[in-house]
Amino acid sequence: MRTVSLHARQETPHAATSRSRRHVSPRRARRAGPHRILSGPFATMTLGDLVTDVIKIEQPGTGDDTRQWGPPSQGGEAAYFLSINRNKRSFAVDLKSPEGLATVLALARTADIVVENFRPGTASRLGVGYVDLVRNNPGLIYASISGYGQTGPDAHRAGYDAIAQARSGIMSVTGEADGPPVRVGVSSADLVAGMWATIGILAALHEKTRTGRGQWVDISLLDGSVAWLTYVAGGYFASGDVPRRYGSAHPTIAPYQAFASADGLSWLPSVTTDCGPG
């Protein structure tokens with residue numbers, strides 16, 4: 001199975017590449033496309049871990065922006081980039097040149113999956129949107145990751161992790177009770193969007209075994225983060241009480257938080273009869 005991910009630079013260093021992989025359970029898959037920064041690369045790295053042959057398309061000259069996001073670095077590449085780009089091959093293509101576009105279109109004709117995380121409309125303007133590629137590959141699964149999805153009043157806006165965390169409500173329930181909202185320590189909105197993209201792609205692959213046709217998987221940072229509110233949102237809908245911050249504590253379970261101890265902070269979880277042996 002081959003996946004193409006849309007962005008551009010020279011061969012991915014050995015530290016990030018590992019090896020080319022060409023068969024995925026339950027069938028071969030090839031994935032290619034322009035994906036960059038975090039959400040797209042995280043999704044395609046996960047597909048690579050599932051033995052997909054991933055071809056990463058980067059921009060000439062600089063490649064993926066995160067190649068320069070250091071220190072720290074290893075082997076001349078930023079640790080940030082290396083952490084989310086294993087199991088991939090890559091090459092540089094100028095999508096605005098006729099030759100570069102022709103190269104990508106030829107690659108997409110043999111791909112099972114294409115992943116891109118441009119702002120909505122950009123891929124189509126470059127000639128590599130879903131409609132452009134599915135003409136010659138009706139079985140193609142095309143995944144788009146953006147800030148707010150392909151449709152709606154905010155579709156044209158650029159998507160950023162911190163903004164998605166804030167607008168979704170994740171930040172409003174993160175931090176100390178008497179402090180301001182806090183961004184999650186990792187880029188949770190980007191990462192969850194990458195996870196949802198992977199799940200959507202796998203579901204589309206399963207459906208393709210029945211119909212033979214591909215699908216367009218539309219993922220947004222905002223939607224994915226809202227979905228993660230789960231019991232926090234459920235509590236609001238049930239009670240009308242606006243969720244608040246609890247620091248390391250839990251809104252419904254006690255004790256379940258960090259406490260000061262002689263050797264620093266210690267975690268005290270709630271223990272119920274269901275947790276014990278027997």
Side-chain angles (χ1 to χ4, degrees), residues 1-9 24 27-37 39-44 47-48 52-61 63-65 88-152 154-159 193-194 196-198 200-209 211-221 223:
M1 184 172 291
R2 177 160 291 175
T3 302
V4 177
S5 75
L6 294 171
H7 193 65
R9 173 175 166 161
V24 128
R27 53 186 292 274
R28 292 182 70 247
R30 188 185 194 194
R31 180 211 168 285
H35 64 284
R36 53 192 292 272
I37 311 296
S39 58
F42 185 74
T44 54
L47 291 171
T52 304
D53 177 17
V54 179
I55 301 174
K56 180 181 176 74
I57 299 171
E58 301 183 58
Q59 61 186 359
D64 191 320
D65 296 351
K88 301 177 186 179
R89 297 183 291 160
S90 72
F91 65 97
V93 172
D94 181 0
L95 286 170
K96 295 181 180 179
S97 72
E99 297 81 4
L101 178 59
T103 298
V104 172
L105 292 177
L107 184 60
R109 281 195 289 271
T110 64
D112 297 277
I113 308 158
V114 166
V115 177
E116 59 89 9
N117 59 324
F118 290 125
R119 191 182 303 195
T122 300
S124 295
R125 287 195 297 272
L126 291 170
V128 291
Y130 173 73
V131 174
D132 302 304
L133 302 188
V134 78
R135 287 194 194 101
N136 296 311
N137 188 353
L140 180 68
I141 294 164
Y142 188 102
S144 297
I145 306 173
S146 61
Y148 304 97
Q150 300 299 305
T151 59
D154 290 333
H156 65 286
R157 295 182 180 272
W196 285 124
T198 302
I201 289 166
L202 294 176
L205 282 170
H206 180 71
E207 179 68 7
K208 183 179 174 180
T209 62
T211 66
R213 301 194 63 84
Q215 297 187 44
W216 189 358
V217 179
D218 179 8
I219 302 294
S220 89
L221 273 64
D223 291 351

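Keep in mind the model is a prediction, meaning the values are calculated, not measured. These values consider heavy atoms only, across backbone and side chains, with no hydrogens, waters or symmetry-generated copies.
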Output yes when a side-chain donor or acceptor of [X] lies under 3.5 Å from a complementary backbone atom of [Y], and no otherwise.
{"X": "Asp94", "Y": "Pro60", "result": "no"}
{"X": "Asn117", "Y": "Ser39", "result": "no"}
{"X": "Asp218", "Y": "Ile145", "result": "no"}
{"X": "Gln215", "Y": "Val217", "result": "no"}
{"X": "Asp223", "Y": "Ser220", "result": "no"}
{"X": "Thr209", "Y": "His206", "result": "yes"}

Can you tell me how far apart [atom1] ([X]) and [atom2] ([Y]) are? Round to the nearest 0.5 Å.
{"X": "Glu116", "Y": "Leu95", "atom1": "CD", "atom2": "CG", "result": "11.0 Å"}
{"X": "Gln150", "Y": "Ser124", "atom1": "CD", "atom2": "OG", "result": "8.0 Å"}
{"X": "Arg109", "Y": "Arg135", "atom1": "CZ", "atom2": "CZ", "result": "12.5 Å"}
{"X": "Leu140", "Y": "Arg213", "atom1": "CG", "atom2": "CZ", "result": "11.0 Å"}

With the side chain counted from C-beta on, respond yes when [X] and [Y] share a heavy-atom pair under 4.5 Å apart, and no when they do not.
{"X": "Ile113", "Y": "Leu205", "value": "yes"}
{"X": "Ile55", "Y": "Ser90", "value": "no"}
{"X": "Ile37", "Y": "Phe42", "value": "no"}

Is the Tyr130 ring parallel, tilted or perpendicular to the Tyr142 ring (thresholds 30°, 60°)?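 Aromatic pair Tyr130/Tyr142 classed perpendicular.
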May I have the step-by-step check of side chain to side chain contact (heavy atoms under 4.5 Å, CB included) for Val54 and Arg89, ending in yes or no? CA-CA 6 Å; Val54 179; Arg89 297 183 291 160; over 6 Å; no
Report yes or no: do Thr44 and Lys88 form a side-chain donor-acceptor pair below 3.5 Å?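 The criterion, which ignores hydrogens and geometry beyond distance, is satisfied for Lys88 and Thr44.
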Give a yes-or-no answer on whether the side chains of Thr122 and Arg119 include a donor-acceptor pair shorter than 3.5 Å.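 Not at all, the side chains of Thr122 and Arg119 share no donor-acceptor pair under 3.5 Å.
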Over all atoms of both residues, closest heavy-atom pair of [X] and [Y]:
{"X": "Lys208", "Y": "Ile141", "answer": "CD-CD1, 4.4 Å"}
{"X": "Leu105", "Y": "Gly127", "answer": "CD2-O, 3.7 Å"}
{"X": "Tyr148", "Y": "Ala158", "answer": "CE1-O, 3.7 Å"}

What residues form a salt bridge (charged side-chain N to carboxylate O under 4.0 Å, His left out) with Arg157, not counting sequence neighbours?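 Residues passing salt bridge (charged side-chain N to carboxylate O under 4.0 Å, His left out) with Arg157: Asp154.
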Worked check of side chain to side chain contact (heavy atoms under 4.5 Å, CB included) between Val115 and Ile201: CA-CA 9 Å; Val115 177; Ile201 289 166; 3.8 Å; yes
Testing Asp53, Thr198, Asp112 one by one against Leu47 for a side-chain contact (heavy atoms from CB on, under 4.5 Å), which residue passes?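 Among Asp53, Thr198, Asp112, the one that satisfies the side-chain contact (heavy atoms from CB on, under 4.5 Å) with Leu47 is Thr198.
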